[in-house]
Amino acid sequence: MAARDYNFAEIEKKWQEFWEANRTFRVEEDSSFPKEKRRYVLDMFPYPSGAGLHVGHPEGYTATDVYCRYLRMNGYNVLHPMGFDSFGLPAENYAIKTGTHPEITTKENISRFTEQIKSLGFSYDWDREISTHTPQYYRWTQWIFLQLFKKGLAYEANTPINWCPDCLTGLANEEVKDGACERCGTPVERRNIRQWILKITEYAEELLNDIESLDWSDAIKAMQRNWIGRSEGANVKFALESGQGEIEVYTTRPDTLFGATYMVLAPEHELVEKITAPEQKDAVEGYIRAASLKSDLERTELSKDKTGVFTGAYAVNPVNGEKIPVWISDYILVSYGTGAIMAVPAHDQRDWEFAKKFGLSIIEVLQGGNIEEEAFTGDGTHVNSGFLDGMNKPDAISAMIKWLEEKNLGRKSINYKLRDWVFSRQRYWGEPIPLVHCEKCGIVPVPESELPLTLPEVQSYEPSGTGESPLANIDSWVNTTCPSCGGPGKRETNTMPQWAGSCWYYLRYTDPLNENEFVSKEKMEYWMPVDLYVGGAEHAVLHLLYARFWHKVLFDLGLVNTVEPFQRLVNQGMITSFAYQRRNKSLVAVDAVDEVEPDVFVEKATGEKLERVIAKMSKSLKNVINPDDIIRDYGADSMRMYEMFMGPLQVSKPWSTSGLAGVSRFLNRVWTVAMKEITDEEPDENLVKLLHKTIKKVSNDTRGLEFNTAISQMMIFINEAMKHEKCYRKVWEIFVLLIAPYAPHIGEEMWQVLGKTETLAYEKWPEWIEELTKDDEIEIVAQINGKVRAKEMVPADISREEMEKLFLELPRIKEFTEGKTIVKVIAVPGKLVNIVVK
RNA sequence: GCCCAGGUGGUGGAACUGGUAGACACAAGGGACUUAAAAUCCCUUGCACCCUGUGUGCGUGCGGGUUCAAGUCCCGCCCUGGGCACCA
């Protein structure tokens, strides 16, 4: 074949068409692969937004693609699917604005995404593509919901929830960040709305314990642990002085019970009304009203200053019979523990602040701090504590729990910060919740045979904003017959949150077309669990916690074979961009910046010197990189390789177009070598050795997802191969296979240039010969007192003794040892000789 | 405040279980080719100093420590990013 230029556009189009036409990457449940030769490698599927793919998407997708191609060449049967998380607010909001049905927008966006994803040459099995908004898919989302419902894990409640006034829908706890809606940033309000709620708290203990068994980053594991927030303590009952009952509190410090000098109830606590003394009634009611108007943000962040009101009631401390006042304050949350606390101001900073402000007494029961200045929360010796005196903290905690249990005044108790999952949304574009409200029978599930319960057509997508979804206005849809008694019934009009579809999509990929079951047991068991899951860290507690919860429920129902869905999780880092910052820390758009000399940047308009910093890509800074442009100008292979070369997969790193150009130059050099005269002559030994080192490094690094260093090694190899006039078939056939997972289009093309007629996707991965990765001669350094003073090439197999002898006699070393005493000589074969002199 | 990452040249980043810090690339400078430029190829490039050489000193956020030897291990700080935040 005559030499030609590297025409990536032509090559990439050719091979993408080839893979598609030949369904090269279609995968089947072939039983001839033993379990250990199967791998399920999954990308977090995207929400098909109108903005199209951004450079962050290809990073994770390329990483898994390289890995999957490597696995296939190593004889694995690999499940590697892609699909779309296609229910969601943007399409619905667009529908409200334009009247276009969300389904139409969603379809368009999906086809744009598909085209973009395919233009990167990923080896997905497209026959398994799924979209969560299709009735064929959400039929089974609804089915799984019904299984949860039947198991008693879904309940209806009228409780105050987080309401986003901009999205006009309720939100789960996990969707609120710093008191604002995670999606749009609007501060959330508290609102009483009828909700469907999933009892995720029932699985708190399992969700927490099983984290340990997962191969996930410590960061994500810690986030999930913190979110679940388990604490151990005791519930203690305090009798009311009036004899009208008791207040139960939760405390992690039962050992400090002798120091409890007052109690606090959450303003919403049910006892408040009952116990408030007539003379305090006005004050208490005023406080409750004020507290109810505060947003979560105001109740926490903005008001660290303690507020509260005395109820006029007193309780009796069960350990010493002391009469203590009962207050209410909004620093106590009704939703945690029992919504009431015993306050121990000497040993809890919040109680201490409250006591100082309202002049309540502070009694030290544990020595070791200075309670005049702040609460002491450390360990120490108990004092003023009757039978606990002299004990340390852990002993006193157990002793007190034992005492309380014996006297029937309290018991050991465990609490979680995790709250149940608010599961309904008052919007249109989601899975309808398949339940019917019947006056006679109550809440009745839609029979499974009638699923999917499809979304009706509506005139207006506008949410009512009153807590009812647009579905509530479609009488013909809402009014139905009760599946149980046949009488009149009304359909549930809430829809499911966006997270529902992604809670089980990884299961559906194993059997995407099944019309009889959500998945067949055999196919599911063939692949599960997911061996490697790659995606952004932004789903640390949302999707990843919800999916684990559903999976555990499915496990308990005998529907899946593993306790956890995602065995190994890797979070790719964000791709950021350079930005330019003024002295006052404000940022300047890139097109308003001049580089006047190397690394000196000024703002065009003002001439102010700017500092180059790293920032998230944003439209306003004009530093957003569009993958389509990159593929057009440099090709998909360059894009793929550059994203893998930038740095470790897990860390965030800034995009640099000149860095990309460097990788592109590398691929051009690869092509140059491929176009040299191919010879069957024996390559020289050095090239062969370098090749074997390269096989070893690329194999190990690809397996360990350390793609950046694998690529460096390939660059080293090419720099050497360029020096040779001819292309040695023996080494080149191997190198082409090594680079193919990274740059598959050029890989296939070069394979064809070598005269091959089949795709290399299933060629056997090259093996290295250990012997050939070792050099005959190695450089050894001589150190004097730890400082490098000489370097010498020596045979690789030189003995320790020979090394010592050789270096001690080196003239250069003698300069340093002359007239000194040699205290010690340390020789490390293959590394160095260190001579300690005095 | 608590939890989790992480601080290495002008830049992105390498460095196996403690053993030559700075691989590979970008940027920069110099050279070759060219009428010229682009492209390509070659060379130099951590900082400082001098007696310019197998030269000396310094150098992986800061201060200590262990060790023949520390980017790597230990103790105490500082800073950056992410998460949580009145959870009793």
Side-chain angles (χ1 to χ4, degrees), chain A residues 177-178 217-227 229-231 233 249-253 256 264 299-301 303-306 329-333 335-344 348-351 353-354 415-419 537-538 540-541 573-574 578 595 597-600 612 614 642 645-648 650-663 665-666 668-669 672 700 706 708-709 711-716 719 722 779-792 810-813 815 823-828 830-837:
Chain A
K177 203 178 156 184
D178 295 332
S217 76
D218 287 340
I220 301 286
K221 285 179 163 187
M223 276 190 231
Q224 291 222 345
R225 286 198 186 100
N226 290 342
W227 192 261
R230 183 184 195 272
S231 77
V249 301
Y250 171 70
T251 176
T252 54
R253 295 296 304 278
T256 60
V264 191
R299 246 179 107 150
T300 56
E301 200 121 342
S303 54
K304 291 280 182 192
D305 195 29
K306 300 281 179 294
S329 171
D330 63 8
Y331 84 90
I332 304 307
L333 309 173
S335 52
Y336 184 77
T338 61
I341 61 148
M342 64 177 208
V344 185
D348 181 287
Q349 190 58 26
R350 296 153 301 183
D351 297 347
E353 282 160 19
F354 192 83
N415 263 284
Y416 300 94
K417 287 203 276 188
L418 182 70
R419 303 292 143 80
E538 65 274 17
V541 284
M574 211 190 334
F578 288 117
E595 186 168 3
E597 50 185 284
D599 288 315
V600 178
R612 191 168 81 168
I614 287 165
Y642 174 60
F645 183 64
M646 289 171 83
Q650 293 88 342
V651 306
S652 73
K653 48 231 163 227
W655 179 273
S656 143
T657 299
S658 52
L660 168 83
V663 171
R665 276 199 286 275
F666 163 68
N668 271 293
R669 284 202 297 273
T672 305
N700 289 337
E706 292 163 316
N708 53 331
T709 47
I711 294 170
S712 314
Q713 184 62 39
M714 291 191 259
M715 288 173 167
I716 293 169
N719 289 346
M722 280 292 278
E779 192 184 49
I780 296 286
V781 297
Q783 299 180 330
I784 303 291
N785 292 340
K787 282 194 167 122
V788 179
R789 296 298 182 187
K791 299 179 181 183
E792 216 47 39
L810 226 54
R812 164 87 181 135
I813 292 305
E815 277 175 41
V823 181
K824 206 173 178 184
V825 179
I826 299 115
V828 182
K831 300 277 182 195
L832 50 70
V833 176
N834 188 10
I835 300 153
V836 186
V837 297

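So you know, we letter chains A, B, ... as the sequences are listed, proteins then strands, and number each from 1.
Taking atom P in both rG9(B) and rC47(B), the straight-line distance is 12 Å, to the nearest Å. Straight-line distance between the C1' atoms of rA27(B) and rG13(B): roughly 14 Å, to the nearest whole Å. With both ends at atom C1', the span from rC68(B) to rG1(B) equals 44 Å, rounded to whole Å. Rounded to whole Å, the separation between the P atoms of rC24(B) and rC77(B) comes to 40 Å. If you take atom P in rG22(B) and the same atom in rC79(B), they sit 32 Å apart, rounded to whole Å. Separating the P atom of rU44(B) from that of rG81(B) is a span of 39 Å, rounded to the nearest Å.
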Taking only nitrogen or oxygen atoms into account, show me every contact under 3.5 Å that the protein makes with nucleotides 52-59 of chain B, one pair per line with its distance.
residue : atom : partner : partner atom : Å
rU54(B) : O2   : R812(A) : NE           : 2.9
rU56(B) : OP1  : R789(A) : NH1          : 2.9
rU56(B) : OP1  : R812(A) : NH2          : 3.2
rG57(B) : OP2  : R789(A) : NH1          : 3.3

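For the pair K306(A) and F354(A), the cation-pi criterion (under 6.0 Å, within 45° of the ring axis) is not fulfilled.
For I614(A), whose side chain is taken as the heavy atoms from C-beta onward, the closest listed nucleotide among rC24(B), rA85(B), rG12(B) is rG12(B). The side chain of Q783(A) sits closest to rU20(B) out of rU20(B), rA88(B), rA85(B). Each of rG83(B), rG13(B), rA15(B) was ranked by its minimum atom distance to the side chain of N708(A); first place goes to rG13(B). Side-chain atoms of K831(A) lie closest to rC16(B) of the nucleotides rG83(B), rC16(B), rA25(B). Side-chain atoms of S656(A) lie closest to rC26(B) of the nucleotides rA14(B), rA23(B), rC26(B).
Counting any heavy atom pair closer than 4.0 Å across all strands shown, G337(A) reaches no nucleic acid atom. Using a 4.0 Å heavy-atom criterion, one finds that V836(A) contacts the sugar-phosphate atoms exclusively. Within the 4.0 angstrom heavy-atom criterion, base atoms lie near L832(A). Among the protein residues, K221(A) comes within range of no part of the nucleic acid, since none of its heavy atoms lies under 4.0 Å from any strand. As judged by a 4.0 angstrom heavy-atom cut-off over every strand, N719(A) is placed among residues touching the sugar-phosphate backbone only.
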Determine which bases of RNA chain B form Watson-Crick or G-U wobble pairs with both distances under 3.5 Å, and write the result as a 5' to 3' dot-bracket string with | for other-strand partners.
(((((((..(((......[....))).(((((.......))))).(((((..).))))..(((((..]....))))))))))))....
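No N or O donor and acceptor, one from the side chain of K417(A) and one from the base of rC84(B), sit under 3.5 Å apart. Under 3.5 Å, the side chain of N834(A) and the base of rC68(B) form at least one donor-acceptor pair of N or O atoms.
For N226(A), no side-chain nitrogen or oxygen approaches OP1 or OP2 of rA85(B) to under 4.0 Å. Taking 4.0 angstrom as the limit, R225(A) places none of its side-chain polar atoms (N or O) nearer than this to OP1 or OP2 of rC84(B). The phosphate of rG13(B) (OP1 or OP2) has no side-chain N or O of K653(A) nearer than 4.0 angstrom. In terms of phosphate contacts, T672(A) brings no side-chain nitrogen or oxygen within less than 4.0 Å of OP1 or OP2 of rU40(B).
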